[in-house]
Amino acid sequence: MDRRPPSAAVLVLHGGHENGTEPPPWGPLNLPGVRMRPFVRALRRATTRAPEDGTEVLVRQVRYAHRGWNGPRADALRDALAALDALGEEAGADVPVVLLGHSMGARAALRAAGHPLVRGVVGLAPWCPPGDPVTQLAGRDIVLVHSSRDRITSPQATQSLTARARRAGARTCMVTVRGGDHAMIRRAPAWHRLTTTLVTGLLGTGSLPEPVTTALGLPPTAEPTEGTLDLDRLRAERGPAGLLPT
């Protein structure tokens, strides 16, 4: 039986530095890349199809040319757009893509969301400078997850971006992780389960928690706090199984 084209794809973008023109190190020395490996493994497990189904969800990672964002050069954005073009060549010009990014990678994902393949973005501890544009997010589903104790990137800036993007025509939601940290080491299993649920939900291969769906449907005039959810309350509403699909 001929294999069908991939039904969807996830592109994973790890974090980096504000400045740095040298290339990231390879392998285990690239700590931001290592940090995303558990997310990649969880997504591949969650999106694996039975062989007889014939469908496939690709999970790919971006390889940066430079460690830093580097001001107006926006090197990580350039790499994200190039990776999306390559993914379109590999999987087909119509394959729907969800971008998953952490920190600088989340900033790159948000900036690259105007690419025609992109349907949604899940940003973890995103770097959201106040002046970054949001018009490219119109028509996309954007879910941003931030620790309340993050000292590297600002949860307040993330909440502000979700509101600005909603006014620009995006469907947005923010989830707060109490007691977490920027590196997503504290409460790591909760980060992994939540992220898997969000990505598969946006892909349509799983279901989103109802409060997330409600938040995504808020009108442009909604207050920032209306679209901000608490992870522990979401877990309580989903029952003992937490946020993993049953």
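Looking only at side-chain heavy atoms (C-beta outward), Y64 and L13 come within less than 4.5 Å of each other. Side-chain contact between T176 and L231 is absent, with no heavy atoms from C-beta onward closer than 4.5 Å. Using a 4.5 Å heavy-atom cutoff, the side chains of M174 and L161 are not in contact. Counting only heavy atoms from C-beta outward, the side chains of V98 and V121 never approach each other to under 4.5 Å. Using a 4.5 Å heavy-atom cutoff, the side chains of P130 and R164 are not in contact. Contact check for V57 versus L203: side-chain heavy atoms found under the 4.5 Å cut-off. The shortest side-chain heavy-atom distance between V97 and L87 falls under the 4.5 Å cut-off. You'll find the side chain of V10 stays beyond 4.5 Å of the side chain of L58, heavy atoms only.
A donor-acceptor pair is defined here as one N or O able to donate and one able to accept, closer than 3.5 Å; such a pair exists between the side chain of R151 and the backbone of R149. For E226 (side chain) and E223 (main-chain N/O), a donor-acceptor pair under 3.5 Å exists by modelled atom type. With hydrogens and angles disregarded, no donor-acceptor distance shorter than 3.5 Å links the side chain of T205 to the backbone of G201. A donor-acceptor pair under 3.5 Å is formed between the side chain of T153 and the backbone N or O of A125. For R78 (side chain) and R73 (main-chain N/O), a donor-acceptor pair under 3.5 Å exists by modelled atom type. Within the 3.5 Å criterion, the main-chain N or O of L110 finds a donor-acceptor partner in the side chain of Q136. Formation of a donor-acceptor pair under 3.5 Å by the N70 side chain with backbone atoms of G68 is found in this model. Looking at R44, its side chain does come within 3.5 Å of a backbone N or O of V59 through a donor-acceptor pair. Side-chain N or O atoms of T162 include one that pairs as donor or acceptor with a backbone N or O of Q159 at under 3.5 Å. No donor-acceptor pair closer than 3.5 Å links the side chain of D75 to the backbone N or O of D79.
Residues V40 and V143 are members of one and the same hydrophobic cluster, defined by side-chain heavy-atom contacts under 4.5 angstrom among Ile, Leu, Val, Met, Phe, Trp and Tyr. One hydrophobic cluster, built from ILVMFWY side chains closer than 4.5 Å, holds both W191 and L208. V177 is connected to V212 through a chain of hydrophobic side-chain contacts under 4.5 Å among Ile, Leu, Val, Met, Phe, Trp and Tyr, so both are in one cluster. At a threshold of 4.5 Å between side-chain heavy atoms, the hydrophobic network of Ile, Leu, Val, Met, Phe, Trp and Tyr places L202 and F39 in one connected group.
If you take CG on L198 and CG on L100, they are separated by 9.5 Å, rounding to the nearest 0.5 Å. One finds the NE2 atom of H115 at 15.0 Å from the CZ atom of R111 (value rounded to the nearest 0.5 Å). In this structure, CD1 in I142 is found 12.5 Å from OG1 in T158, a value given to the nearest 0.5 Å. If you take CG on L144 and SG on C173, they are separated by 8.5 Å, rounding to the nearest 0.5 Å. Note: L218 CG to R171 CZ = 12.5 Å, rounded to the nearest 0.5 Å. A distance of 11.5 Å separates CZ in R35 from CG in L124, rounded to the nearest 0.5 Å.
Considering V175, L216, D230, L229 in turn, L229 is the only one that fulfils the side chain to side chain contact (heavy atoms under 4.5 Å, CB included) rule with P211.
Residues R119 and D94 come closest through the heavy atom pair NH2-O, 4.2 Å. Taking all atoms of both residues into account, the shortest heavy-atom contact from A83 to V62 is CB-CG2, 3.7 Å. Taking all atoms of both residues into account, the shortest heavy-atom contact from T197 to P209 is CG2-CD, 3.8 Å. The minimum heavy-atom distance linking V34 with P38 is given by the pair O-CD, 3.6 Å. Closest of all the heavy-atom pairs between A112 and L84 is O-CD1, 4.0 Å. When every heavy atom of P224 is checked against every heavy atom of A163, the shortest pair comes out as CG-CB, 3.7 Å.
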Inset, instruction - Apply side chain to side chain contact (heavy atoms under 4.5 Å, CB included) to the pair V145 and T195, showing each step before the final yes or no. - result: CA-CA 9 Å; V145 186; T195 300; 5.6 Å; no

Legend entry - side chain to side chain contact (heavy atoms under 4.5 Å, CB included) assessment of T47 paired with T200: CA-CA 7 Å; T47 57; T200 56; 4.1 Å; yes

Legend entry - Trace of the salt bridge (charged side-chain N to carboxylate O under 4.0 Å, His left out) decision for R187 with D232: CA-CA 11 Å; R187 305 193 64 183; D232 294 316; 2.6 Å; yes

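Note on ring orientation: taking the six-membered ring where Trp is involved, the planes of W69 and W127 are perpendicular (angle over 60°, cut-offs 30° and 60°).
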Could you list the donor-acceptor pairs under 3.5 angstrom formed by side chains in residues 14-28, with sequence neighbours left out?
residue	atom	partner	partner atom	Å
H14	NE2	N30	ND2	3.4
H17	NE2	R67	NH2	3.3

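T172 and R166 form a side-chain donor-acceptor contact under 3.5 Å, judged by distance and modelled atom types alone. For the 3.5 Å distance criterion, the side chains of S147 and H182 fail to qualify, holding no donor opposite an acceptor.
By the salt bridge (Lys or Arg N to Asp or Glu O under 4.0 Å) test, R140 is found to be paired with no residue, residues two or more places apart in sequence or in another chain being considered.
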